[in-house]
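Here is the structure we will look at, set down as structure tokens.
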Amino acid sequence: MKIICVDRSALSLSRLRSSVRRIVPDASVRCCRETKEALAFADSDGCDVLLSEMDLGSSKWDGLKLAQSIKKFHPNVNIIFITALSERECAEELIRLRISGFLAKPWVEETLAEEFRNLRYPVAGFIAKSADAQAEIPQELSREQMEAVSGGTQHLGIYQSGFQHKDAALAFFRKCVGEETFHRAMNSTEGKRHHYVAARICLNQADWEKFVWIEKYGSLDGFPEH
């Protein structure tokens with residue numbers, strides 16, 4: 001089985017890679033953060049499963065466009081989207097693409113395993129394993145690790161300890177993802193350990209940079225728009 005995983009967050013992508021390798025240990029797994037790289041992998045190696053974040057850039061539909069492009073050349077590709085968007089919000093597009101599965105953030109490993117056990121287009125010789133445990137994110141994240149997952153510049157998207165406006169940042173987080181996703185995220189293992197890790201997993205890059213700015217300064221006043 002050939003699997004391509006796509007997520008703009010290095011932390012989320014690392015967690016996704018670890019989970020997929022536990023569920024499908026014999027699969028070929030390609031991981032990337034850019035749509036061009038994913039398309040290149042699909043073109044050169046083929047693709048049985050595309051496991052992609054829906055919001056991959058400036059548009060919340062970038063993951064959808066990636067899936068459409070890959071499906072033109074691999075019509076039986078199994079598409080599993082990971083997103084903070086609701087199924088209702090993108091139902092028309094998902095139905096048209098005939099996707100295989102849909103994971104709402106924050107997801108757990110057993111839910112991902114269930115999607116692999118119910119692929120829309122079966123892959124010969126493939127049997128998914130049950131997840132023994134939810135993939136864990138390290139309890140402590142260093143500044144260097146947060147810089148690596150942020151993808152931000154020297155000034156944006158880098159989380160440092162000691163920020164004073166946690167409540168304002170969490171209010172922004174809740175507004176971005178909605179009440180249901182927010183409460184799932186904050187009650188997850190990651191959210192109970194560090195609120196900012198739950199935010200980093202659920203927010204896209206642009207909103208993550210705003211989250212960090214708000215927690216540091218209390219509002220978006222002075223935030224440098226790209």
Non-hydrogen side-chain atoms of Val24 and Val49 separated by less than 4.5 Å | no
Can you name the closest pair of heavy atoms from Ile4 and Phe41 and give their distance?
-> CD1-CB, 3.8 Å
Parallel, tilted or perpendicular, as decided by the 30° and 60° cut-offs, for the rings of Trp208 and Phe211 = parallel
Spatial distance of atom CD (Glu114) from atom CZ (Arg117) [nearest 0.5 Å] | 4.5 Å
Heavy-atom nearest pair, Glu115 first then Gly101, reads OE1-CA, 3.2 Å
Between Phe182 and Leu170 the two heavy atoms that sit nearest each other are CE1-O, 3.6 Å
same_hphob_cluster(Ile99, Leu39) at 4.5 Å side-chain heavy-atom cutoff | yes
Evaluate side chain to side chain contact (heavy atoms under 4.5 Å, CB included) for Gln164 paired with Lys216, printing each intermediate quantity in order.
-> CA-CA 6 Å; Gln164 301 299 312; Lys216 185 174 183 180; over 6 Å; no
Going by an N to O cut-off under 4.0 Å, is there a salt bridge joining Lys210 and Glu215?
-> no
To the nearest 0.5 Å, tell me how far Ser100 OG sits from Arg120 CZ.
-> 8.0 Å
Nearest non-hydrogen partners of His74 and Ala42, listed with the distance | NE2-O, 3.0 Å
Is the shortest heavy-atom distance from the side chain of Ile79 to the side chain of Lys71 under 4.5 Å?
-> yes
Distance (rounded to the nearest 0.5 Å) between Cys5 SG and Arg15 CZ | 12.5 Å
How long is the gap from CZ on Phe81 to CG on Leu103, to the nearest 0.5 Å?
-> 11.5 Å
Asn187 (side chain) donor-acceptor with His183 (main chain) under 3.5 angstrom = yes
Given Glu53 and Lys105, is the salt bridge (Lys or Arg N to Asp or Glu O under 4.0 Å) satisfied, shown in steps?
-> CA-CA 10 Å; Glu53 183 183 32; Lys105 293 182 179 181; 2.8 Å; yes
Side-chain heavy-atom pair Ile82, Leu112 within 4.5 angstrom cut-off = no
In Å, rounded to the nearest 0.5 Å, how long is the span from CG of Leu50 to OG of Ser69?
-> 10.5 Å
Name of the residue among Val29, Leu51, Val6, Ile3 meeting side-chain contact (heavy atoms from CB on, under 4.5 Å) with Leu16 | Leu51
Check step by step if salt bridge (Lys or Arg N to Asp or Glu O under 4.0 Å) holds for Asp7 and Arg33.
-> CA-CA 5 Å; Asp7 198 304; Arg33 297 171 65 187; over 6 Å; no
Would you say Phe173 and Asp207 make side-chain contact, with heavy atoms under 4.5 Å?
-> no
For atom CZ of Phe73, decide whether the heavy atoms of other residues, nucleotides or ligands shown that lie under 6.0 angstrom number more than 12.
-> no
Indicate yes or no: at least one non-hydrogen side-chain atom of Asp48 is less than 4.5 angstrom from one of Tyr121.
-> no
Just by distance, do the side chain of Ser44 and the backbone of Ala40 share a donor-acceptor pair under 3.5 Å?
-> yes
How long is the gap from CZ on Arg30 to SG on Cys47, to the nearest 0.5 Å?
-> 11.5 Å
His195 and Lys166, any side-chain heavy atoms less than 4.5 Å apart = yes
Where the side chain of Ser52 meets the backbone of Met54, is there a donor-acceptor pair that is under 3.5 Å apart?
-> no
Which atoms form the tightest heavy-atom contact between Trp213 and Ser219, and what is the distance?
-> CD1-O, 3.1 Å
Considering only heavy atoms from C-beta outward, does the side chain of Thr83 approach that of Phe102 to under 4.5 Å?
-> yes
Beyond-backbone contact of Met1 with Asp26, side-chain heavy atoms, under 4.5 angstrom | no
Exercise: identify the closest heavy-atom pair between Ile214 and Ala169 | CG2-N, 3.6 Å
